[in-house]
Peer 1: 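Could you have a look at this structure, given as structure tokens, before my questions?
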Amino acid sequence: MPIGIEDTFLGVVDLVEMKAIIWEGGELGAKFHDEPIPENLKAQADEYRQLLLDTALSVDNEAMEEYFDKGDVSVATLKRCIKAGAISGAFRPVLCGTAFKNKGVQPLLDAVLDYLPSPVDVPGIKVAPPEGEEEDPNARRIKADVTAPFAGLAFKIINDKYGTLTFVRVYAGSLKSSDTVMNTTKGHKERIGRMFQMHADKRAEIKEVHAGDIAAFVGLKDTGTGDTLAAAEDPVVLERMAFPVPVIDISVEPKTKEGVEKMTLGLQKLAGEDPSLRLKTDQETGQTILSGMGELHLEIIIDRLRREYGVDANIGAPQVAYRETISRTHTETYTHKKQSGGSGQYAEVKIIFEPQERNEGVLFENKVVGGAVPKEYIPAVEKGIHVQADTGVLAGFPTVDFKYTLVDGKYHDVDSSALAFEIAAKACFREGMKKAGPIILEPIMDVEITTPQDHVGDVVGDLNRRRGMIQNQESSGSTIIVRAHVPLKEMFGYISHLRSMTKGRASFTMQFHHYDPVPRNIADEIMAKSA
């Protein structure tokens, strides 16, 4: 329970031990002392203490009996009940404090130890199902047992002056430096080099880790975020992380020629740390394109590039990561012939292009019979289509969600080659896609806005103007939560507009939801820009 508010906040009443904790001035919340509860707060503290007992003791019959016998319970019993309820989800302990001057930090850390589960207090992590299979509710769980075979999850990568640090949570077993384990996600061996226990930016080298530990490993060759490290005798996979599709692109170029190498190296390291960040070079313009989850995500990356790698960069305006697809089936035949002295080039392919459901990706099927296209040239056709699909036919965006079936073709004993069939496939894609009803898809975001009741009308009206589809509204105390699907194109700079519309009282979050066809007028705009 807080003692004072805002600039008069002094400390808290601890309702478990029934004492006041007061923070002293200076040293940013490092010094505090206990004292009796102030007289003016005693009645309220007794009332809240009773509410706490009513809630906490409901999860433990023995504690309830102790309370009825003695009229109160010991601190140890009360803490045991709060921990049991917190672990089962029956209730959530709440503490007070202020980030300003760090008041309330110490009781919070004590509460983490007192009330949150240790690895042995909860069911073990589930073993992930084989690739492509549904999760099994009765899947085996890995218990926090130091005698079991080793199993750990790499959950974060950091690059610093000492090299690449891979943070690993150990779920079972123990491991020593110089041991060898399997990266079961990627299927290769990793030899463990040095291991560190981390304290913010300080580190202490350790020789061994056990179930329940978190440690940083140095020198792993090819272990990324979400990879499992496990003993060879029990090669389990603990979790398969699904990373969302980046939806915003910006172009990045250093302000000086000397910064090119440093920028490329810095961006590669940052992309290695963050799997939702993608880095590519535009083949036509030569620009470096950075793709991420939102404006703020990319702003932070650029800021880190400046602070950590000393590279000042010019940023191109954010671009929406559009996609292209087709809306009807079309069969295209294309013949590639080239004679310019010496051996020529000859290849003919007949391909059926068909639309797929959203998120089904690009599928290839080979239905050639009688050797019309020799087997050794089939991979070249597949490669040609895949390469060409990276730049669609309408506005140069990647083409997705279509199936292409090679049904026929012709070849020449002398003039045919893998290259000729690849060129023929690319040209067949360009010609065929134009006749298969090509459309542009745009990312639609799942937007959740929390706003005071008196601004709901303004927020909903504004979302409708942004081509948003309201999904639902629900009350949460004095605020309303509005959920909507809104095209990403309409969400640039939204936070400043939302704040001015609601006097700074509303906030929002958004994440990628799905791709939808863009309206005709916007498709024309996009094509005109790319032209």
Peer 1: Can you check whether Ala215's main-chain N or O pairs, donor with acceptor, with Asp213's side chain at less than 3.5 Å?
Peer 2: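 Not at all, since once roles are kept as given, no pair shorter than 3.5 Å links the two residues.
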
Peer 1: Using only heavy-atom distances, determine whether the side chains of Glu448 and Thr509 contain a donor-acceptor pair under 3.5 Å.
Peer 2: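 Looking only at side-chain atoms, Thr509 and Glu448 do not form any donor-acceptor pair under 3.5 Å.
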
Peer 1: Check for a donor-acceptor pair, side chain of Asp249 on one end and backbone N or O of Ser291 on the other, with a separation under 3.5 Å.
Peer 2: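 The answer is no, because no donor-acceptor pair under 3.5 Å joins these two groups.
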
Peer 1: Checking Gln473 side chain against Val460 main chain: does a donor-acceptor pair fall under 3.5 Å?
Peer 2: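 No; zero donor-acceptor contacts below 3.5 Å.
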
Peer 1: For residues 9-20, run the donor-acceptor check on the side chains, cut-off 3.5 Å, and write out each pair with its distance to 0.1 Å, sequence neighbours left out.
Peer 2:
unit_1, atom_1, unit_2, atom_2, d
Asp14, OD1, Val16, N, 2.9
Asp14, OD1, Glu17, N, 3.3
Glu17, OE1, Lys19, NZ, 3.4
Lys19, NZ, Asp34, OD2, 3.0

Peer 1: Under 4.5 Å between any side-chain heavy atoms of Ile449 and Ser507, yes or no?
Peer 2: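 No, every pair of side-chain atoms sits at 4.5 Å or beyond.
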
Peer 1: Keeping the roles fixed (side chain from Asn159, backbone from Thr164), state whether a donor-acceptor pair exists under 3.5 Å.
Peer 2: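 Checked: no pair found.
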
Peer 1: Can Arg323 be said to sit on top of Phe397's aromatic six-ring, NZ or CZ under 6.0 Å from centre and within 45° of the ring axis?
Peer 2: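 Not flagged: Arg323 not positioned over aromatic ring of Phe397.
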
Peer 1: What's the separation between atom OG in Ser251 and atom CD1 in Ile289, rounded to the nearest 0.5 Å?
Peer 2: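 Between atom OG of Ser251 and atom CD1 of Ile289 there are 5.5 Å.
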
Peer 1: With a 4.5 Å heavy-atom cut-off, do Leu52 and Leu78 have their side chains touching?
Peer 2: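 They are in contact (side-chain heavy atoms under 4.5 Å apart), so the answer is yes.
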
Peer 1: Kindly say whether Val73 contributes a backbone atom to a donor-acceptor pair with the side chain of Thr77 at under 3.5 angstrom?
Peer 2: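 No; judged by distance alone, with no hydrogens or angles, the pair does not exist.
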
Peer 1: Indicate yes or no: does Lys207 engage Glu205 in a salt bridge with an N to O separation below 4.0 Å.
Peer 2: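 Looking at Lys207 and Glu205, the cut-off is met.
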
Peer 1: Can you tell me how far the CD1 atom of Ile444 sits from the CE atom of Met510, to the nearest 0.5 Å?
Peer 2: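 Ile444 atom CD1 to Met510 atom CE measures 11.5 Å (nearest 0.5 Å).
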
Peer 1: Without swapping roles, check the side chain of Asp401 against the backbone of Asn359 for a donor-acceptor pair under 3.5 Å.
Peer 2: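 Between the backbone of Asn359 and the side chain of Asp401 there is a qualifying donor-acceptor contact (under 3.5 Å).
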
Peer 1: Tell me every residue that passes side chain to side chain contact (heavy atoms under 4.5 Å, CB included) with Leu279, counting only those two or more places apart in sequence or in another chain.
Peer 2: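 Residues passing side chain to side chain contact (heavy atoms under 4.5 Å, CB included) with Leu279: Leu267, Gln268, Thr288, Leu290.
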
Peer 1: Write out all pairs satisfying salt bridge (Lys or Arg N to Asp or Glu O under 4.0 Å) with one or both partners inside residues 94-113, taking only residues at least two apart or from two chains.
Peer 2: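 Residue pairs passing salt bridge (Lys or Arg N to Asp or Glu O under 4.0 Å), neighbours aside: none found.
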
Peer 1: Does the side chain of Glu35 pick up a donor-acceptor pair with the side chain of His33 at under 3.5 Å?
Peer 2: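 Note: Glu35 and His33 side chains meet the donor-acceptor criterion.
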
Peer 1: Provide the closest heavy-atom pair for Ala230 versus Thr184 in the form atom of the first, atom of the second, distance.
Peer 2: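 Heavy atoms only, the tightest pair is CB-CG2, 3.9 Å.
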
Peer 1: Hey, are Arg307 and Asp303 close enough for a salt bridge, meaning a charged N less than 4.0 Å from a carboxylate O?
Peer 2: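 Answer for the salt bridge query: yes.
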
Peer 1: Looking at Thr451, is its backbone amide N or carbonyl O close enough to the side chain of His455 to form a donor-acceptor pair, meaning the two atoms are under 3.5 Å apart?
Peer 2: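 Flag not set: sc His455 to bb Thr451 has no pair under 3.5 Å.
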
Peer 1: Heavy-atom count check: over 12 atoms from other residues, nucleotides or ligands less than 6.0 Å from Tyr48 OH?
Peer 2: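 Check fails, neighbour count at 12 or below.
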
Peer 1: Can you name the residues that form a side chain to side chain contact (heavy atoms under 4.5 Å, CB included) with Leu296, not counting sequence neighbours?
Peer 2: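 Scan of Leu296 (side chain to side chain contact (heavy atoms under 4.5 Å, CB included), adjacent residues dropped) gives Glu299, Ile300.
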
Peer 1: Quick check: does any side chain N or O of Arg141 sit under 3.5 Å from a backbone N or O of Gly124, one acting as donor and the other as acceptor?
Peer 2: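 Yes, Arg141 side chain to Gly124 backbone: donor-acceptor pair under 3.5 Å.
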
Peer 1: State the CG-CG distance between Asn183 and Leu220, to the nearest 0.5 angstrom.
Peer 2: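 Taking CG in Asn183 and CG in Leu220, the distance rounds to 8.5 Å.
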
Peer 1: Indicate the atoms forming the closest heavy-atom contact of Val218 with Phe196, along with that distance.
Peer 2: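 Heavy-atom minimum between the residues: CG2-CE1, 3.4 Å.
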
Peer 1: Please confirm whether the backbone N or O of Val400 pairs with a side-chain atom of Thr325, one donor and one acceptor, at under 3.5 Å?
Peer 2: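 Such a contact is found between Thr325 side chain and Val400 backbone.
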
Peer 1: Has Arg169 got its NZ or CZ under 6.0 Å from the middle of the six-membered ring of Tyr171, at an angle within 45 degrees of the ring axis?
Peer 2: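 Satisfied, under 6.0 Å and within 45°.
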
Peer 1: Using the ring of each side chain (for Trp, its six-membered ring), is Phe32 parallel, tilted or perpendicular to Trp23, with breaks at 30° and 60°?
Peer 2: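 Tilted.
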
Peer 1: To the nearest 0.5 angstrom, please state how far the CG atom of Asp222 sits from the CG atom of Asp227.
Peer 2: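 Output value for this atom pair is 7.5 Å.
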
Peer 1: What is the distance from atom CD1 of Ile440 to atom OH of Tyr515, rounded to the nearest 0.5 Å?
Peer 2: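 So the gap between those two atoms works out to 12.0 Å.
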
Peer 1: Between Lys269 and Asp274, is there a side-chain N and carboxylate O pair less than 4.0 Å apart?
Peer 2: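 A salt bridge is absent here (no side-chain N lies under 4.0 Å from a carboxylate O).
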
Peer 1: Under 3.5 Å, is there a donor-acceptor pair between the side chain of Glu66 and the main chain of Ser74?
Peer 2: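 Looks like yes, one N/O pair under 3.5 Å.
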
Peer 1: Taking 4.0 angstrom as the limit, do Glu273 and Arg304 come out as a salt bridge?
Peer 2: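 Salt bridge: yes.
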
Peer 1: Less than 4.0 angstrom from a charged side-chain N to a carboxylate O is my criterion; do Asp54 and Arg49 meet it?
Peer 2: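 Result for this pair is no, no salt bridge flagged.
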
Peer 1: Strictly by salt bridge (Lys or Arg N to Asp or Glu O under 4.0 Å), give each pair with a member in residues 465-482 just once, sequence neighbours left out.
Peer 2: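 Listed by first then second residue: Glu442-Arg467, Asp462-Arg465, Asp462-Arg466, Arg467-Glu490, Glu474-Arg483.
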
Peer 1: Is atom CE of Met469 surrounded by more than 12 heavy atoms (other residues, nucleotides or ligands) closer than 6.0 Å?
Peer 2: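 Open.
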
Peer 1: Just distance, no hydrogens or angles: give the donor-acceptor pairs under 3.5 Å from side chains in residues 81-93, sequence neighbours left out.
Peer 2:
unit_1, atom_1, unit_2, atom_2, d
Lys83, NZ, Asp121, OD2, 3.0
Ser88, OG, Ala84, O, 3.2
Ser88, OG, Gly85, O, 3.3
Ser88, OG, Ala90, N, 3.3

